[in-house]
Engineer: 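This is the structure I have questions about; it appears just below.
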Number of protein chains: 2
Amino acid sequence: MMFKNLEEIKNFLRRKGLQPSFQRVKILEFLDIHRTHPTADEIFKSLVRTVPTISKATVYNTLRSFVEKGIIQELTIEENELRYDINTQPHAHFKCRVCGKIYDLPLEDCESLLLKGTGFRVEKIDVYLKGICPICAKKGKIN
Amino acid sequence: MMFKNLEEIKNFLRRKGLQPSFQRVKILEFLDIHRTHPTADEIFKSLVRTVPTISKATVYNTLRSFVEKGIIQELTIEENELRYDINTQPHAHFKCRVCGKIYDLPLEDCESLLLKGTGFRVEKIDVYLKGICPICAKKGKIN
DNA sequence: GTATCTGCAAAACATTTGCAATTCT
DNA sequence: AGAATTGCAAATGTTTTGCAGATAC
């Protein structure tokens with residue numbers, strides 16, 4: 001866990017330029033506690049039990065603002081659902097097609113991709129890089 | 001290009017267990033010629049000009065059946081759209097945030113991930129592995 | 001008091017499905 | 001003929017948006 005208490009979450013959000021509303025604090029707390037890469041709907045369904053007035057739109061909008069601020073990252077590991085990860089450090093994700101669990105794995109070196117000796121049976125690899133291509137970089141459109 | 005003519009595409013589809021309907025042949029031909037990782041909508045919009053009767057549902061369903069047969073692969077590089085790639089060999093994809101182009105890159109070794117000396121500026125890395133985790137493998141539920 | 005944020009409902013999309021008509025073998 | 005495929009329209013599911021009311025600074 002990244003945060004010790006709600007006050008830490010509030011200060012964190014303030015530092016990121018976001019008002020620490022009750023809903024935002026609870027969503028971020030949820031992501032800090034449940035590091036299972038949940039979907040927006042899973043977050044909503046879980047939070048609505050303790051925060052009955054929360055709406056789905058707020059969950060979606062909040063998650064988007066967290067992504068924009070670099071607080072969390074979106075995972076597109078499955079085509080029909082977005083998942084969210086409070087760990088924004090580069091690391092790989094392994095989804096088991098039997099139990100459905102998504103594991104975090106180190107990305108240090110090539111060996112980790114092949115997962116020699118770890119018992120993970122890799123059937124499919126997707127590597128998506130984003131940034132600026134050599135042509136656009138040379139055109140100096142950006143820095 | 002993988003195919004020399006339409007006859008080759010037809011035979012290929014037959015070998016994969018799919019009837020070589022005109023629509024399927026044209027969709028596969030399009031993916032073979034336009035290796036730009038198009039979306040279903042881009043394929044539809046382009047094909048409907050020469051095949052006016054083609055429907056979007058057919059494009060979607062055909063792409064799905066191609067994926068199931070292992071003829072093409074789905075890319076979830078962007079959250080709001082599925083893209084398709086006729087190259088099913090494992091390789092990385094680099095999307096430029098300026099021009100939007102998606103490049104194919106080799107995945108051989110770690111160096112390619114960091115793209116030293118290639119001029120690609122990597123700002124974000126997503127590595128998604130799918131398969132069977134050690135727990136499910138040990139339970140012997142599958143082989 | 002003014003900005004920002006929330007909840008609701010509706011809208012916007014992409015994708016899937018049911019089914020009758022068509023096409024292939 | 002019989003099986004598979006298509007096109008249409010409707011359904012589905014996820015995410016976004018408009019706006020009035022509520023909340024925070």
Side-chain angles (χ1 to χ4, degrees), chain A residues 6-7 9-28 30 37-69 71-84, chain B residues 6-7 9-28 30 37-69 71-84:
Chain A
L6 296 188
E7 204 49 47
I9 295 179
K10 287 185 191 175
N11 289 330
F12 178 82
L13 287 173
R14 267 187 278 259
R15 259 180 280 128
K16 292 287 184 178
L18 291 173
Q19 283 186 18
S21 75
F22 184 61
Q23 291 84 338
R24 287 177 181 168
V25 170
K26 294 304 280 183
I27 291 170
L28 190 50
F30 184 90
H37 320 89
T39 62
D41 192 58
E42 286 168 0
I43 297 169
F44 170 76
K45 283 210 174 71
S46 184
L47 282 185
V48 79
R49 288 181 294 183
T50 52
V51 190
T53 69
I54 204 169
S55 78
K56 248 184 189 186
T58 297
V59 175
Y60 276 107
N61 292 335
T62 299
L63 290 169
R64 194 147 50 108
S65 70
F66 284 177
V67 171
E68 280 162 10
K69 296 289 183 181
I71 297 172
I72 63 176
Q73 67 169 315
E74 260 171 5
L75 307 185
T76 58
I77 191 163
E78 286 299 335
E79 70 282 353
N80 52 349
E81 61 188 20
L82 276 177
R83 295 187 166 272
Y84 295 90
Chain B
L6 296 188
E7 205 47 48
I9 295 180
K10 286 185 192 173
N11 288 332
F12 179 82
L13 287 173
R14 268 187 276 260
R15 256 181 282 128
K16 291 288 183 177
L18 290 173
Q19 281 186 20
S21 75
F22 185 61
Q23 291 85 338
R24 287 178 180 165
V25 170
K26 294 304 280 182
I27 291 170
L28 190 50
F30 184 92
H37 319 88
T39 62
D41 192 57
E42 287 168 357
I43 297 169
F44 170 76
K45 284 209 174 73
S46 184
L47 283 186
V48 81
R49 288 181 294 180
T50 51
V51 189
T53 68
I54 204 170
S55 77
K56 246 183 190 186
T58 297
V59 175
Y60 276 107
N61 292 335
T62 299
L63 290 170
R64 194 146 50 103
S65 71
F66 285 177
V67 171
E68 281 162 10
K69 296 289 184 181
I71 297 172
I72 62 176
Q73 69 170 313
E74 259 170 4
L75 306 185
T76 59
I77 191 164
E78 286 300 334
E79 70 282 351
N80 51 350
E81 60 188 19
L82 277 177
R83 295 186 167 272
Y84 294 91

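Protein chains get the first letters and strands the later ones, always in sequence-line order, with residue 1 at the start of each.
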Engineer: Can you measure B:Asn61 atom CG to D:dA10 atom C1' for me and round it to whole angstrom units?
Structural biologist: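 Rounded to the whole Å, the gap is 14 Å.
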Engineer: Sort out for me which residue in B:Leu6, B:Leu13, B:Leu18 forms a side chain to side chain contact (heavy atoms under 4.5 Å, CB included) with B:Leu28.
Structural biologist: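 The single option meeting the side chain to side chain contact (heavy atoms under 4.5 Å, CB included) with B:Leu28 is B:Leu13.
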Engineer: Measure NZ/B:Lys56 against C1'/C:dT16 and give the value in whole Å, please.
Structural biologist: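 Whole-Å distance recorded here is 13 Å.
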Engineer: Kindly indicate whether the side chain of B:Thr39, heavy atoms from C-beta on, has any atom under 4.5 Å from the side chain of B:Leu82.
Structural biologist: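 B:Thr39 does not reach B:Leu82 side chain to side chain.
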Engineer: With nearest nucleotide decided by heavy atoms, which residue, B:Arg14 or B:Asp41, maps closer to the 5′ end of DNA chain C?
Structural biologist: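 Nearest-nucleotide comparison on DNA chain C picks B:Asp41.
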Engineer: Just by modelled atom types, is the A:His37 backbone N or O under 3.5 Å from a matching donor or acceptor in the A:Arg83 side chain?
Structural biologist: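 Such a contact is found between A:Arg83 side chain and A:His37 backbone.
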Engineer: Would you say a side-chain N or O of A:Ser21 is under 4.0 Å from OP1 or OP2 of C:dC5?
Structural biologist: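 For C:dC5, neither OP1 nor OP2 has a side-chain N or O of A:Ser21 closer than 4.0 Å.
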Engineer: Take the protein atom CD of B:Gln23 and the nucleotide atom C1' of D:dG7, then report the distance between them rounded to whole Å.
Structural biologist: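 Those two atoms, CD and C1', are 9 Å apart.
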Engineer: I need the CG-P distance between A:Leu82 and D:dT16, as an integer number of Å.
Structural biologist: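 Roughly 8 Å, once rounded to whole Å.
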Engineer: Return the nearest nucleotide to the side chain of B:Arg24; candidates are D:dT6, C:dT17, C:dG7.
Structural biologist: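 Of the options given, the side chain of B:Arg24 lies nearest D:dT6.
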Engineer: Would C:dA3 be called syn or anti, given that syn covers angles within 90° of 0?
Structural biologist: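 Here C:dA3 takes the syn form, which means its glycosidic angle is within 90° of 0.
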Engineer: Does D:dT14 have OP1 or OP2 under 4.0 Å away from a side-chain N or O of A:Arg64?
Structural biologist: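 For A:Arg64, the contact criterion (side-chain N or O under 4.0 Å from OP1 or OP2 of D:dT14) is not met.
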Engineer: Rounded off to whole Å, could you give me the CZ-to-P distance for the A:Phe22 and D:dA22 pair?
Structural biologist: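 Rounded to the whole Å, the gap is 18 Å.
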Engineer: When the distance from CG of A:Leu75 to P of D:dT15 is rounded to whole Å, what number comes out?
Structural biologist: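 Interatomic distance, CG of A:Leu75 to P of D:dT15: 13 Å.
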Engineer: Taking pairing as Watson-Crick or G-U wobble with both contacts under 3.5 Å, can you name the mate of D:dT23, or confirm there isn't one?
Structural biologist: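 Across any shown strand, D:dT23 pairs with none.
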Engineer: Which residue, A:Thr53 or B:Pro20, contacts DNA chain C at a nucleotide closer to its 5' end, judged by nearest heavy atom?
Structural biologist: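 The residue whose closest nucleotide sits nearer the 5' end is A:Thr53.
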Engineer: Taking a pair as Watson-Crick or G-U wobble with both distances under 3.5 Å, which nucleotide is matched to C:dA3?
Structural biologist: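 Answer to the pairing question: none, since C:dA3 forms no Watson-Crick or G-U pair.
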Engineer: Give a yes/no on whether any side-chain N or O of A:Tyr60 is located under 4.0 angstrom from OP1 or OP2 of D:dT16.
Structural biologist: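 Indeed not, no polar side-chain atom of A:Tyr60 lies that close.
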Engineer: Could you tell me whether the side chain of A:Ser46 and the main chain of A:Ile43 form a donor-acceptor pair under 3.5 Å?
Structural biologist: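 Judged by distance alone, no pair lies under 3.5 Å.
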Engineer: When you get a sec, tell me which of D:dC25, D:dA9, C:dC8 is the closest nucleotide to the side chain of A:Ala57?
Structural biologist: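 The nucleotide sitting nearest to the side chain is C:dC8.
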Engineer: Quick one: which of D:dA9, D:dA24, C:dC8 gets closest to the side chain of A:Ser55?
Structural biologist: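 Shortest atom-to-atom distance from the side chain points to C:dC8.
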Engineer: Distance check, rounded to the nearest 0.5 Å: B:Phe66 atom CZ versus B:Arg24 atom CZ?
Structural biologist: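 These two atoms lie 7.0 Å from each other.
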Engineer: Grab the CD-P distance between A:Glu78 and D:dG13 for me, whole Å please.
Structural biologist: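 Interatomic distance, CD of A:Glu78 to P of D:dG13: 17 Å.
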Engineer: Rounding to a whole Å, what distance do you find between A:Gln19:CD and C:dT6:P?
Structural biologist: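 After rounding, the reported distance stands at 8 Å.
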